[in-house]
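This report concerns only the one structure given below.
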Amino acid sequence: MAPVVSAALGALGPLLVKLSGLLAGEYGRLKGVRREIRSLESELTSMHAALEEYTKLEDPSGQVKAWISLVRELAYDTKDIFDKFIHHLGKRGHRGGFKEFLRKITLPLKTLGARREIADQIDDLKDRIKQVKDLKDSYKLNDVPSSTTGHLAVDPRLHAVFAEEAHLVGVDGPRDDLAKWMVEEGNNSSKPRKVLSIVGFGGLGKTTLANEVYRKIQEQFDCKAFVSVSQKPDIKKIMKDVISQVSCQGGSTKDTSDWDEIKSISKLRELLQNKRYLIIIDDVWSAQAWKTIKCAFPENNCSSRIIVTTRIIDVAKSCCLGGDDQMYELKSLSDLHSRILFFTRIFGSGKNCPDMLEEVSNNILKKCGGLPLAIISIAGLLANRPVIKEEWEKVKRSIGSALEKTKSLEGMSSILSLSYNDLAPNLKTCLLYLSLFPEDHVIERTRLVRLWIAEGFISEERGQSKQEAAENYFYELINKSMVQPVDIGFDGKVRACRVHDMMLELIISKSVEDNFTTMVGGGQSLKNQQGFIRRLSIQYIDKELASALANLDLSHVRTLIVMPSCCIEHMPRLDLFEALRVLDFEGYEDLKDFDMNGMEKLVQLKYLNFRGKYISKLPSGIVMLTNLETLIFGYTRDQESPAGFGRLTKLEHLQGYWLTLSDGIGDMKNLQLMSGLVITSSITDVLEDLGSLTSLKELKVCLRLANGISDLVSCEDKRCEEAFLSSLCKLGTCKLRSLDITPSGASLDFLDSWCPLPSSLQRFYTHYMDSFTKFPKWITPALTNLADLGICIAEMTEDDLVTLGQLPSLLRLFLWPSNKLVGTIQRNSFLNLKVLDFEFKTKRAYVTFVEGSAPKLEELTITFSVSAAKANDFYSGIEHLSSLKEARIYLDDEDATRSECKAAAAEIRNEAGVNPNHPALIIEREPKGEDDEEASGSNEEKSKGVSDEV
């Protein structure tokens, strides 16, 4: 795995790779140059090795931390200088420019300008490296041990084991449900062992809940035990702890001091073989640890039970591989329970909060986010403060710093830090990066992944691209309960995430300590800024903050993320950020007045995001950003790309809002996503280039031709269609996975000649009525990867439905036939479909379902023609959709009477009521009347209530 930028080591790893590259090139053979670079490489390699050891220390001294910080800052500055080298050499542009430039660097400097500036910076680097090296010797850091065990800390989970039941809030319901599940059929001695795994965020109350279930049912078991595992489990000790507890209950104990791991497991199995046992295995951190531990617990058909708690979803799943096992995902406390717990801990009652503290209490509880440990910890802190609003406001503002410094919050900090410390270094870096986003901010997965890549946090791994590796990191943070998933799609992919407020406080604290991120307007003062700003998030800015920023050196800022709430007129000038790699204005409503001057000076920029609603035009300086990999923008008044746009040959993601390319794109071979391209008959050269972009995976275009408006197809339009189709045929044999076409007034029937079939295609969408006059010939079951399809068709037959039903991977289908569609979804069709939407554009549609059709369908939106369904007694067949969760039925009342519409609605409601999954049902345009008692309620029949009303 190639070295990456990290929070711990900074840019040191990539810098060493760059120096090695310089030595291997022609300029490395120049007398003097090679010696200078090799000297730098040697010193920095030694520092890198020391840094890797020091960052493994559990509790490094202040001197170690200071030295790590110095080396990290030195590495950033060194890399910036060498990046500037390479840029200047590239600008010279003549043959031998690189060699010529480096020769001049090593000669006595007699000229002013860029060469002198860079040479001075190299001399400064040499001095700094010597100072850092001398400081290491003076600190005697060579004598620092390679690892430390740290002091023995009190287990922060102990309070959960011995918590008094009377002090617990919100536990009763989950406890009683789980206890019932644990003992059901327990009187039958032939029942197998069952495992319950409880999973959730640190501090959520997993240990407390497990212990309460344990207390409630323990008397029904022959023997019982409660053990904690921890991040570095000592299996032999764990086995001996269980043996000690179950042996004592049996009236005998044995000396186990000389038992090894295997003997301990064997003896425990022997003890439990014919007994009904109840065991809690608390805080399991790996599937491997569970795999070893479970060997000690025999499956003895005595209705034995095991409860496992963990923060990691994959571990919880690995504990529940049996058909009778259950994974329980613990949720945060409700607002009501949070208030009761908070005020009871402070005032002795959940209802005694003074009116003056209501607002600040709500703000504190919002930050706690239903996390019991956070509520208890902060309530304990407030219980010792005067009941004065100003004092509570101080606590609210200082929760982040108090986590590290306040004794009463040590337990909270320890619990959160356990999860953080368990992360691999690359995951720690990716998590700390989220400190750049404010509280409750929803961060899109695709945006975050691209940001991580642009920052240099991600490298290609064996068999995985950077994109795939970054996606894995995203899901790993969710799996370890470090971030919370938001909006899980039909395909199981998480669309976005957010960070719990308490975890955000922790990672902000750690990020600031390492000078990894800096926030303006996020509660962090610029007065306390240590070292140069490297990554800057502007969450709020006014004249005062703008003035404070203006007094700082911004030339070392690598990342600038500006939140939509900021006033754009107070923003610093772009040309101050000469080292910028990432510039993100995501979500800005209007950037048309933002000063883009200086854009061309951001030569290191890799990621540029202007996605909002409006910018005047793409700045012409963009074409100078030859390192740009991601460009995202919103609506532009001038929809033509700047001249020279095709020079951006490193661009991988181009995502805009309808852009007409003025240049050829044949050299942009790295493009993987092109979204927002406008196709007209005047750009056939661009269309021909399109077919050469063999890395393209996603394409979204607007087809502006005249053939849908006029009966006559112009020669230009015909050539455009042919060029577009030719390119699609080439892309279809490469990596094209997603195609999205908006045919503005154009028909897409010419795609019937698409050949060979796009075997990799996973998604195809059209967004215009009657995009196809008939069902496309190229959509066949041979498209084995097609999972997401949205298509507008003028005419459609039942045979076309059969074809769609045979697509083996189809998960979501948006179907918009313009005219009458009557048919039946057959048995064993749409076997994997989860979402089916016939929209409301379809008139006279009547589609029914038979048993065995669409067995996995969860969401259904469909137009129901009452007149067409009349002959079939208004039957729909939704009773057979056993996985259905939501159904929205739009009643088409054309040629139908009021009573017929009411009868159709009643039949649909009856079928939903007998559906075993009790789906939520919404019937649109259902007739209502004063004389209709049943119809006087809401149009929405929600969830379980459907069957009750039937």
Side-chain angles (χ1 to χ4, degrees), residues 468 489-493 672-675 690-691 693-701 703 721-722 724-743 746-768 770-817 821 823 825-839 847 853-859:
E468 291 166 336
F490 68 94
D491 52 2
K493 291 183 179 180
Q672 299 176 25
L673 164 68
M674 182 183 284
S675 176
L690 188 63
L693 305 182
T694 53
S695 297
L696 203 61
K697 297 177 181 177
E698 299 179 48
L699 177 63
K700 181 176 182 179
V701 300
L703 198 60
E721 289 179 358
E722 290 172 353
F724 184 44
L725 179 59
S726 175
S727 290
L728 286 183
C729 291
K730 294 173 185 176
L731 294 174
T733 62
C734 299
K735 300 178 181 178
L736 190 65
R737 297 187 308 198
S738 176
L739 178 59
D740 196 311
I741 305 177
T742 299
S747 168
L748 298 181
D749 287 340
F750 67 90
L751 292 183
D752 271 351
S753 301
W754 196 348
C755 182
L757 289 178
S759 57
S760 299
L761 197 66
Q762 299 175 12
R763 181 181 187 275
F764 178 80
Y765 268 71
T766 60
H767 299 275
Y768 201 83
D770 302 344
S771 297
F772 294 92
T773 59
K774 59 184 183 303
F775 191 78
K777 295 178 181 178
W778 55 272
I779 297 182
T780 73
L783 296 176
T784 54
N785 292 302
L786 189 60
D788 192 9
L789 177 61
I791 191 167
C792 305
I793 306 174
E795 297 286 347
M796 212 177 149
T797 67
E798 190 165 6
D799 288 342
D800 299 331
L801 271 181
V802 171
T803 299
L804 289 172
Q806 293 172 347
L807 291 170
S809 300
L810 195 61
L811 297 175
R812 181 168 69 170
L813 174 61
F814 284 86
L815 196 58
W816 304 302
L821 171 63
I825 306 293
Q826 301 295 330
R827 182 180 180 85
N828 295 325
S829 65
F830 295 106
L831 293 179
N832 291 301
L833 195 69
K834 292 188 175 182
V835 178
L836 175 59
D837 191 331
F838 278 165
E839 271 287 345
V847 175
S853 64
K856 297 181 181 178
L857 189 65
E858 297 177 358
E859 299 178 27

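- When all heavy atoms of Gln826 and Ser853 are compared, the pair lying nearest together is O-CB, 3.1 Å.
- With rounding to the nearest 0.5 angstrom, the CG atom of Leu736 is 12.0 Å from the OG atom of Ser695.
- Taking the side chain as every heavy atom from C-beta outward, Asn785 and Arg737 never approach each other to under 4.5 Å.
- Considering only residues two or more places apart in sequence or on other chains, Asp800 meets the side chain to side chain contact (heavy atoms under 4.5 Å, CB included) condition with Phe775, Met796, Thr797.
- Within 6.0 Å of NZ on Lys777 lie no more than 12 heavy atoms contributed by other residues, nucleotides or ligands.
- The distance from the OG1 atom of Thr733 to the CG atom of Leu728 is 11.0 Å, given to the nearest 0.5 Å.
- When the side chain to side chain donor-acceptor pair (under 3.5 Å) test is applied to Thr773, the partners found at least two apart in sequence or on another chain are Asp749.
- A tilted orientation is assigned to the rings of Phe764 and Phe772, their planes being inclined by 30° to 60°.
- Taken to the nearest 0.5 Å, the OG1 atom of Thr694 stands 10.5 Å off from the CD atom of Gln672.
- Between Ser753 and Leu725 there is a side-chain heavy-atom pair separated by less than 4.5 Å.
- Between Leu696 and Met674, the shortest heavy-atom distance links the atoms CD1-N, 3.9 Å.
- For the pair Thr766 and Cys792, the tightest heavy-atom approach, listed with the atom from each and the gap, is OG1-N, 3.1 Å.
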Give the C-alpha distance, both sets of side-chain angles, the deciding distance and a yes or no for side-chain contact (heavy atoms from CB on, under 4.5 Å) between Val701 and Leu690. CA-CA 11 Å; Val701 300; Leu690 188 63; 5.5 Å; no
Passes side-chain contact (heavy atoms from CB on, under 4.5 Å), Leu815 versus Ile791? Steps please.
CA-CA 5 Å; Leu815 196 58; Ile791 191 167; 3.5 Å; yes
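- Residues Leu748 and Leu703 come closest through the heavy atom pair CD2-CD2, 3.6 Å.
- Atom NZ of residue Lys834 and atom CD of residue Glu859 lie 10.5 Å apart, to the nearest 0.5 angstrom.
- Proximity of a side-chain donor or acceptor of Asp788 to a complementary backbone N or O of Leu811 within less than 3.5 Å is not detected.
- For the atom pair CG (Leu789) and OG (Ser809), the distance works out to 12.5 Å, reported to the nearest 0.5 Å.
- Taking the side chain as every heavy atom from C-beta outward, Asp752 and Pro776 approach each other to under 4.5 Å.
- The minimum heavy-atom distance linking Ser829 with Ile825 is given by the pair OG-CG2, 3.5 Å.
- No side-chain heavy atom of Phe830 sits under 4.5 Å from any side-chain heavy atom of Leu836.
- Expressed to the nearest 0.5 Å, how far CG of Leu751 lies from SG of Cys729 amounts to 9.0 Å.
- In this structure, the side chains of Leu831 and Pro855 come closer than 4.5 Å at one or more pairs of heavy atoms.
- Heavy atoms only, all atoms of each residue included: Asp740 and Arg763 are closest at OD2-NH1, 3.1 Å.
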